[in-house]
Student: 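Next up is a structure, given as structure tokens.
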Amino acid sequence: MKICAQYVASSLLVAGSVIASPFTYATDFVNTVDLSAQVVNADDQIETNDIIGILSDSADTTGLQIGSGKIDVTVNGIPDEDYIPTIGLKFFNSGSSSHVFGTGSTLNVTGSHKASGVALSGSTSFSGSELNITVKGTTAVNGIEGGTNSVIDLGSDSLINVSGQLTTAVALGSNGSLIADNVNITAEGSTRANGIKAAEFGTGTAIINLGNGGKITTISGSTGAGILLYGNSTVRANGLTIKTTNGYGISSSGSIAGASNVDINLGTASIISATGSSGVMLLGNAGLTSSFKANNLTIDTIGNSNHGISVSSKGINSVDLGSNSVITTSGTRSQGVWLVGSAETQFKANLLTIHTTGSEANAMGIGSGNTVIGAGSLLISDQSDGLMASSTLISGVSAPTVTVYDSKIVGYRRGVSAQQAGTVVNLYRVDAQANMEGGYGLWALNTGLINATDTSVITSADNSYGIVASGGGRVTLTGNTNVDSSSVAMFANSSASLIEGTGVMRINGDIQAKDSGLIDLSLSAGSLINGVTAQDSGGIVNLTMDNSRWNVTDDSSVNNLQLSNDSTVVFTGTNNGSLQVGNLGGNGHFVMRSSIVEGVGDLLSVTGTTAGNHQVTVVNNGSESTDGTEVLKIIQTADGNGNFALTNNVELGGYLYKLHQDGNDWELYSAGLVPPEPDPTPAPDNGTNKPNPPITSTANASANSLNVGYLMNYAETQTLMQRMGQLRSTDVDGNVWLRGYAGNFTSFGSGKLSGFDMTYNGTQLGADKQWQSANGMIYLGAALGQSNSNQDYQNGDGDMRNRHVGLYAGYLDNGGLYVDTLLKYNRMRNEINVKDTAANGVDGSASSNGISLSVETGKRFHFTPENSGFYIEPQTQLTVAWQDSSHFKNSNGLKVDLSSYTSTLGRIGGLIGYDVKKGATPVNFYFKSSYVHEFSGDTDYRLNGNKEAHSFKGDWWANGVGASVGIGKQHNLYLDLEQVNGSQFKQNQINGGYRFSF
């Protein structure tokens, strides 16, 4: 044996006291140190080519005692046989049970075959802190091997590195213990690598306490684990990081016969990253009790069939992931959580996030036990199921129960499924989603059961299904349910398969029952269905609706339809559709459409019993080319029972339609026709029973533009006196005049275009040139003006603006005879704004041009030579006017074409007046009365092409009073009041003006 010595600082014992001493020796050992004969002190170094660095056997009673110091040990021995290991520290059958490796000590072992850093026998303890242990070999390599009842205490910040073929950094024997804080372990094995292995061959309990922090890294050629547990094992850690390649993060095999327990608690913020294997694997027989706990745990796996957490132990299993844990996997069949152990398996987590990206990789695959997922969780599978619960995942075990609260589950094929008998999935306030074409949001099959409360289901891909029950599966919906599917919202497709729901439901997508499947929904107030219902091969759909709405998007059938509290069924498909109901009851509201000219429309058909009082709204359609004689069946029943009534008369084209019962059916007919009795006897057609259907408010207001234009032209033309006042003056070369007028018309005519009021006002400005002669005066002038009018219809109003320009000429002789002519062009624009029978606003406008010619003549007869005082003035006037056609395109689709017309008005009448010519202010008072007759005035209008005749013909009296006051020779003021009362209209007008003569 060769020993070398060197000086180092130490201390000296004198008279029982420790005093400073300048020197002591540190020893370098180059051979194996046998502690039974040698002592190793702090700062000693062992560097040997023997196969053992330090040996403690039964003869050693002191052991290795470095205290707080450190030593360095290097062993590079080559044994004679392959099976003999190279060992750094061998404490075997030692008389001393405790060995202290100091603080900061290093151990480097290199073996040609097998190698161990520290080898302990039973009941031997090993301790140290900040240790650095490196072991290399070519076959089996262990960092520290503990024996039965061995205690390994690595203190804080220790480092263990092992490499070889079959490697384990720390191996605990039966009833062994490992204590460490912030330990860093690395194991590399070309075949297998384990970070920590516990109780592989014993029946006792292994205890592992890794304190805070720490990291375990394993790199294996084929298999291994960061922590590998057998039999009874307890693991405690906090903030631990495990990173493995081709090895489990944590594996519990439970291979020891008889009852055993595995208790793992990783504390908070631990991380497990596994490439090529699962993150946590709990295996074992029926006698094993496994418990795994962690909070804010992160698990990430890469590779095929590598689960985040896999529990297949047949014993009693408990997994508690606390809050904010995250599991991600990639690879085919790599489940986020895979629970296929036993009926006693318990799994729970809050704020859990799982995301899997590989094909056939469910976020959660649950085949047994009881699983509870708490609020705020998110389960995502990019290519498979979000949550799959099925007892077929493991044979001989009772089906699982899964409960999820306030979370979101997103699957590719399926969001949530309960796939076997006895399987129960309870969802509370869960959003479930499936993204694959043909995918299912919720799927219950083979008598599996899903109970969903306040749940939302979304499937956005083509041909996808929101909720499916098949093979006897059942889905029960309560609370607030939202189903949004691009295709089928609910589908029950086999005998005993059932989807039943109560509460507020908002369903977007079709509802289909097939092959004796049953869908039974009771919708509370505020519910909405957008889609069709279908019953095929014995399938049944029942709907009970309370203050809810169903938008029927295409032909549908339902077995029982019960409506209450303003529940509404609206036909909304692209084309007219039909709704077939087996039995109808309650008090509902049906909104339908018609194409009555083509003889088609939405149809409600009741094949069984009909009961209740129902309202019907047929959507107004102004674009239909009706003539008011059409009849259309919209409701048919087998028994003729129940009552159906329109909410309002129906506007189709320009005409109004009502609803009446014909036998067992109900049909639309023109509101102007008397509905025929069943099997009526035809009455002779004597010309008195011609149909006269009433027109709509839009048609009325649009067509009344004919009357508005006619009356406005009448108000604008008037007489010479109203236009220019008193012209009988001399020494005048010309005039400039301004006229204003206002008034109202009421109750034009009778029939379809009657019953509206019209107010108006306008101004005219004119100028003329006069030529005086010995016998009289000739004048020629021009005028322009604008009139505005407002109409008050029964269901709306309108306004008109008329601009005009004219030329006038006349002759007034000294004997009182006059002739006045006026040629006028006008441009008229009409606008309407009315309500239809459903209170919908409708607007429209039209413009037209017109021209008129008026000729007025009269003669004034005075009773005094001075041509003053009383006089009479007989008058006659002929006005011919032509107004061009115009066309209304109303916002409701109704086109109203107004034909052109010619008006020929003849007026005969006169004035009785009193003329005061004395002084500088001549005054003329008069009373007037005329009889007016319309000689022509026939015209028509067309409602979407259907012709309706109209005429302005009639007679009326026009009576009034007026006055003209001259101020000097140049100014003249005049005022005229007139009232018209006739067969066509009544008018009140005030007319005033001013003329300046020069």
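All values derive from a computational prediction rather than experimental measurement.
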Student: With side-chain hydrogen bond (donor to acceptor under 3.5 Å, both in side chains) as the test, would you mind laying out the steps for Ser381 and Asn362 before giving the verdict?
Tutor: CA-CA 6 Å; Ser381 173; Asn362 306 313; 5.3 Å; no
Student: If every non-hydrogen atom of Val141 is compared with every non-hydrogen atom of Val162, which pair is closest and at what distance?
Tutor: CG1-CB, 4.1 Å
Student: Are side-chain heavy atoms of Leu240 and Ile250 found at a separation under 4.5 Å?
Tutor: no
Student: Looking only at side chains, do Asp382 and Thr357 share a donor and an acceptor under 3.5 Å apart?
Tutor: no
Student: With no hydrogens and no angle check, do the side chains of Asp263 and Thr234 hold a donor and an acceptor under 3.5 Å apart?
Tutor: no
Student: Check whether any side-chain N or O of Asp320 sits under 3.5 Å from a backbone N or O of Gly322 as a donor-acceptor pair, and report yes or no.
Tutor: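 Confirmed, Asp320 side chain pairs with Gly322 backbone.
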Student: Applying side chain to side chain contact (heavy atoms under 4.5 Å, CB included), run through Ser323 and Asn295 and close with a yes or a no.
Tutor: CA-CA 6 Å; Ser323 297; Asn295 188 64; 3.8 Å; yes
Student: Only one of Asp72, Thr74, Thr134, Asn132 passes side-chain hydrogen bond (donor to acceptor under 3.5 Å, both in side chains) with Thr106; say which it is.
Tutor: Asp72
Student: Could you tell me the separation between the CZ atom of Arg192 and the CG atom of Leu166, rounded to the nearest 0.5 Å?
Tutor: 4.5 Å
Student: Is there side-chain contact between Ile160 and Leu154, with heavy atoms separated by less than 4.5 Å?
Tutor: yes
Student: Please confirm whether the backbone N or O of Val39 pairs with a side-chain atom of Gln65, one donor and one acceptor, at under 3.5 Å?
Tutor: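 No; judged by distance alone, with no hydrogens or angles, the pair does not exist.
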Student: Using distance alone, with no hydrogens and no angle criterion, decide if Asp157 and Asn182 have a side-chain donor and acceptor under 3.5 Å apart.
Tutor: yes
Student: Is the shortest heavy-atom distance from the side chain of Leu35 to the side chain of Val40 under 4.5 Å?
Tutor: yes
Student: Can you tell me if Ser158 uses its side chain to pair, donor with acceptor, with the backbone of Leu131 under 3.5 Å?
Tutor: yes
Student: Is any side-chain heavy atom of Ser220 closer than 4.5 Å to a side-chain heavy atom of Thr218?
Tutor: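 Heavy-atom side-chain distance check fails, nothing below 4.5 Å.
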Student: Okay, side chain of Asn194, backbone of Ile196: is any donor-acceptor separation there less than 3.5 Å?
Tutor: no
Student: Measure the spacing between OG of Ser56 and CG of Leu120 and express it to the nearest 0.5 Å.
Tutor: 10.0 Å
Student: As an exercise, state the distance from CG of Asn149 to OG of Ser121, rounded to the nearest 0.5 Å.
Tutor: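 The distance works out to 10.5 Å.
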Student: Determine the minimum heavy-atom distance between Ile71 and Asn41, stating which atoms define it.
Tutor: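 Between these two residues, the closest heavy atoms are CG2-O, 3.1 Å.
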Student: Output, in order, the C-alpha distance, side-chain angles, deciding distance and verdict of side chain to side chain contact (heavy atoms under 4.5 Å, CB included) for Val337 and Val319.
Tutor: CA-CA 10 Å; Val337 173; Val319 178; over 6 Å; no
Student: Any non-hydrogen side-chain atom of Met364 less than 4.5 Å from a side-chain atom of Thr371?
Tutor: yes
Student: Would you say the side-chain atoms of Ser105 pair up with the backbone N or O of Phe101, donor to acceptor, closer than 3.5 Å?
Tutor: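 It does hold such a pair.
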Student: Quick one: closest heavy-atom pair of Ala361 and Ser334, and the distance?
Tutor: CB-O, 3.0 Å
Student: Nearest 0.5 angstrom please: Ser291 OG to Asn265 CG, how far?
Tutor: 7.5 Å
Student: Donor-acceptor pair, Thr353 side chain versus Asn324 backbone, under 3.5 Å?
Tutor: no
Student: Of all the heavy-atom pairs spanning Gly143 and Val135, show the shortest one and how long it is.
Tutor: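 Closest approach of Gly143 to Val135, heavy atoms only: CA-CG2, 4.1 Å.
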Student: With distance as the sole test, does Thr205 use its side chain to make a donor-acceptor pair with the main-chain N or O of Asn175 at under 3.5 Å?
Tutor: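 Judged by distance alone, no pair lies under 3.5 Å.
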Student: Enter the distance from Leu282:CG to Ser310:OG here, rounded to the nearest 0.5 Å.
Tutor: 8.0 Å
Student: Distance only, no hydrogens: is a donor on one side chain within 3.5 Å (strictly under) of an acceptor on the other, for Ser359 and Thr332?
Tutor: yes
Student: Please report the shortest heavy-atom distance between Gly249 and Ala274, naming the atom on each side.
Tutor: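 Smallest interatomic distance, heavy atoms only, reads N-CB, 4.4 Å.
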Student: Do you know which of Ile327, Leu321, Thr268 makes side chain to side chain contact (heavy atoms under 4.5 Å, CB included) with Leu297?
Tutor: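 Answer to the side chain to side chain contact (heavy atoms under 4.5 Å, CB included) test with Leu297 among Ile327, Leu321, Thr268: Leu321.
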Student: Measure the spacing between CD1 of Ile87 and CG of Leu107 and express it to the nearest 0.5 Å.
Tutor: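 Reported to 0.5 Å precision, the distance equals 11.0 Å.
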Student: Taking Ala26's backbone N and O only, do any of them form a donor-acceptor pair with Asp43's side chain (distance below 3.5 Å, no angle check)?
Tutor: no
Student: Less than 4.5 Å apart, any side-chain heavy atom of Ile227 and any of Ile264?
Tutor: no
Student: Do Thr86 and Pro79 come close enough that some side-chain heavy atom pair is under 4.5 Å?
Tutor: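 Touching, per the 4.5 Å side-chain cut-off.
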Student: Without swapping roles, check the side chain of Asp153 against the backbone of Gly155 for a donor-acceptor pair under 3.5 Å.
Tutor: yes
Student: Does any part of the side chain of Asn306, heavy atoms only, come nearer than 4.5 Å to the side chain of Tyr248, both counted from C-beta?
Tutor: no
Student: Could you tell me if Asn317 and Thr345 have a donor-acceptor pair between their side chains, going purely by distance under 3.5 Å?
Tutor: yes
Student: What verdict does the side chain to side chain contact (heavy atoms under 4.5 Å, CB included) test give for Ser222 and Thr191, after you've listed the backbone C-alpha separation in whole Å, the side-chain angles of each residue and the deciding distance to 0.1 Å?
Tutor: CA-CA 5 Å; Ser222 62; Thr191 299; 3.8 Å; yes
Student: What are the two closest non-hydrogen atoms of Gly195 and Ala169, and how far apart are they?
Tutor: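 Looks like O-CB, 3.0 Å.
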Student: Do side-chain atoms of His307 reach the backbone of Ser278 as a donor and acceptor pair under 3.5 angstrom?
Tutor: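 Not at all, since once roles are kept as given, no pair shorter than 3.5 Å links the two residues.
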Student: For His99 and Asp60, run side chain to side chain contact (heavy atoms under 4.5 Å, CB included): C-alpha distance rounded to whole Å, both residues' side-chain angles, the deciding distance at 0.1 Å, then the answer.
Tutor: CA-CA 11 Å; His99 300 275; Asp60 174 27; 4.1 Å; yes
